[in-house]
Amino acid sequence: VSQGIDARLTRIIEAIFGASVAQEILEKSTRGHPAWDSIAHLNLVMAIEQEFGVRFTPEEAGMTTTLDALREILQLKSSA
Amino acid sequence: MRDGHHDRGGDLAALNEAYRLARSGGRTEPVSGFRDIDVAILRNATLEPWLPHVFAAFVARGLIPRLWLGDYAVYESYLSGVLPGWRQTEPDLTLIYIDPEELAGDGALLGGASIREAVEQRLDSIAQLVSDGASGTVVMCTLSPPTHGFRAVYDSQATTSWLSTLRAANLGLVERFENDPSVFILDIDTLASRFGAARARDSRLYHTAHVPFSVEFMSVAARAFAAVATPIFGVARKCVAVDADNTLWGGILGEDGPEGLQIGSEYPGSLYRRFHLFLSALRDQGVLLALNTKNNEADVLDFLTSSPDVALRVNDFAARRINWEDKASNLRELAAELNIGLESIVFVDDSEVECELIRTLMPEVLVEIFPNDPLSIPEFIERFPGVDALRVTEEDRRRTESIRSNEQRERLRTTARDLDDFIRSLDIHLLLRCQPEEVLPRIAQLTQRTNQFNLTTRRYTEGEVKAFMRDGLVYTLAMKDRFSDYGTVGSAMVRLKGDEAEMDTLLLSCRAFGREVEYVLVDSVLDDLARRGVATVFGAWEATQKNAMVADFYTRCGFEKTHGTASSASFRIDLRSRQRLGDETRYLIEREGFL
């Protein structure tokens, strides 16, 4: 399941940021990237919600500004 | 429209990717079959996530938008030029989105006389700047409805409640711009109401990030925006070719007989009648209707003549093919008869097989399958693409009429001895006008729709034609004959530079072909220019797929060719030593506004 999540997440990140920025984001997964601004974050959250059929609360959406946090919350939500 | 993501607002990752790639592409050449337009959006809410939807909706209609988004809530500063940015993008199209809750704050809950007045004043100041100074075309959004009642009972009783304020403001916008040639309304209020006001806004996206639309509503609003832009920028279809059985009525004429058909005031006939009324309204706004059906011709004509229940009569169809031939051949003949290209046609049929045949053989034709369930007809009509008109001109109403009298004229032509006699026998009355502001919408429409007799094929909006008149001269030609009044059929747009003039645009509607009236137009324009002190006139031909017929038109008018390739040519004429063209005694000619 976890690998499935990663592949789908990677596709979304590449779609939104483009391959080279996505590469940097995926490598430095624990820190924010300058391209990951508030608008990109909105687009990312909406696309993830659609792809995984989940809905983040405002608090969850606000916290998940790193790739690890996103993975974690998706795992929680999809196992629930 | 039919993809699986439709109800969820489209595949967001794919939409974002397409939009990102389009922005970073650095494309310099136009894409064949598409038109690039600069679109600016002035707003007071977070519309960034909406842009990929707008991009996709425009591309689906043959327009590639370069999108520019203004800063929050500074409408007046942009429109008046105090704040740079908006003017510098020279937008072809500007959308003004005003979120009422962002505009009024607490007032959007409490309402009251002072709030109503404040909202009216703000809209008034924005609208005034739009009327005065906006370049390009402006699309003004109506104010969206509140998602939840606040004092639900009271608010419906008082004219100063927030609800009443919104209603009055929206009607005020429509009234204010109804006759403005360069401002159109995008009715977000009605769209959101039909969609469900509470579903059109996502509370979480709105309250946490000021995004005014839910993901699902983003694509609805984007498609509606693109639908308003389509007729302005000229990619609308011109003709609807319809089937008869199970489309114009329920049932099959050949099997059920005229008595057994479903059409009229009772269910399910009432829904088929609704489609008649829709087609009839399209006809009134200038769309050509064509009938393409496998039937016995006499049966169909008899039914459309004698039935008390139909809302369309035989004469509402500009052309008909009622026979047992294949529909693709029929469609090709209909296009030839109506003098239009296949890309101008929407084909409507209830049969999967017929639709597939046309899709395969004629990919240019837009194919719309008619619903089997009559209850789906209202939705089919609501989504019917690409033929919507913004404003209905008088010429639109006449078009079917004049095309039909073309048939009568053709019959006369075969009996007339030669072209001269034929032209004289028509009793053609020409009205030439210089700077006729009253036909601005028609001039813009001619630049948008004329393909064959169009020397440069430059497409203009009403606002652009109006702007052109400020520094240049715009001439029009209107025509009537003993069969029909065609209204304005030709135009010339001339740029002036000292004692030189350049023909920016010269065009003639195909409805006026074959009568040599184009020479009267050119003669009159050149005479008028000479009287205005012009010595030399320059003309150009720019090739398109359709306008080969006029490649040497200027030469026929006595111009000298100064340069020429397969795709363009330049011409010039000295007005001091030119010969007049044609024989004007064949027409009755009037001129207005000429020197």
Side-chain angles (χ1 to χ4, degrees), chain A residues 3-26 29 32-67 69-71 73-74 76-78 80, chain B residues 3-26 41 43-56 67-72 198-222:
Chain A
Q3 255 187 345
I5 289 179
D6 269 355
R8 289 153 82 193
L9 208 50
T10 302
R11 174 187 158 258
I12 291 170
I13 289 170
E14 282 177 352
I16 289 178
F17 294 99
S20 64
V21 173
Q23 189 62 37
E24 293 168 29
I25 288 174
L26 293 166
S29 61
H33 188 282
W36 192 337
D37 60 11
S38 60
I39 295 297
H41 186 61
L42 262 177
N43 287 330
L44 191 59
V45 166
M46 289 188 285
I48 288 171
E49 287 186 333
Q50 186 188 59
E51 170 68 26
F52 292 91
V54 296
R55 192 170 162 86
F56 293 171
T57 65
E59 291 72 21
E60 287 166 342
M63 287 183 321
T64 48
T65 51
T66 67
L67 200 57
L70 273 175
R71 273 203 200 96
I73 213 148
L74 274 174
L76 264 173
K77 286 202 174 268
S78 44
Chain B
D3 69 359
H5 283 285
H6 171 62
D7 291 324
R8 290 183 282 141
D11 180 337
L12 289 177
L15 283 174
N16 275 288
E17 180 161 40
Y19 181 50
R20 182 179 51 73
L21 288 172
R23 277 188 306 164
S24 63
I41 298 178
R43 47 72 189 258
N44 61 350
T46 308
L47 286 179
E48 283 84 349
W50 188 47
L51 300 184
H53 299 262
V54 172
F55 180 79
L67 295 162
W68 177 90
L69 204 52
D71 281 335
Y72 284 66
R199 276 211 302 142
R201 184 166 281 197
D202 176 332
S203 285
R204 186 197 44 161
L205 288 178
Y206 178 64
H207 290 289
T208 62
H210 300 272
V211 178
F213 304 147
S214 66
V215 172
E216 294 79 6
F217 189 64
M218 281 183 196
S219 48
V220 173

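We name chains A, B, ... by the order of the sequence lines, and we start the count at 1 in each one.
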As an exercise, state the distance from [atom1] of [X] to [atom2] of [Y], rounded to the nearest 0.5 Å.
| X | Y | atom1 | atom2 | value |
| --- | --- | --- | --- | --- |
| B/L15 | A/N43 | CG | CG | 10.0 Å |
| B/E17 | A/R11 | CD | CZ | 7.5 Å |
| A/L44 | B/N16 | CG | CG | 9.0 Å |

For A/E49, is it the side chain, the backbone, both, or neither that has a heavy atom closer than 4.5 Å to a heavy atom of chain B? side chain
Is A/F56 in contact with chain B via its backbone, its side chain, both, or neither, using a 4.5 Å heavy-atom distance? both
Go through B/E48, B/H207, B/R20 and name the one with the most non-hydrogen pairs under 4.5 angstrom from chain A. B/R20
What part of B/L21 is in contact with chain A, defined as an atom under 4.5 angstrom from a non-hydrogen atom: side chain, backbone, both or neither? neither
Chain A heavy atoms under 4.5 Å from B/S24: which part of the residue, side chain, backbone, both or neither? neither
Quick one: closest heavy-atom pair of A/M46 and B/P49, and the distance? CE-CB, 3.4 Å
For A/A15 and B/A13, the nearest pair of non-hydrogen atoms, with its separation, is CB-O, 3.3 Å
A/I39 side chain reached by B/T46 side chain, heavy atoms, under 4.5 Å: yes
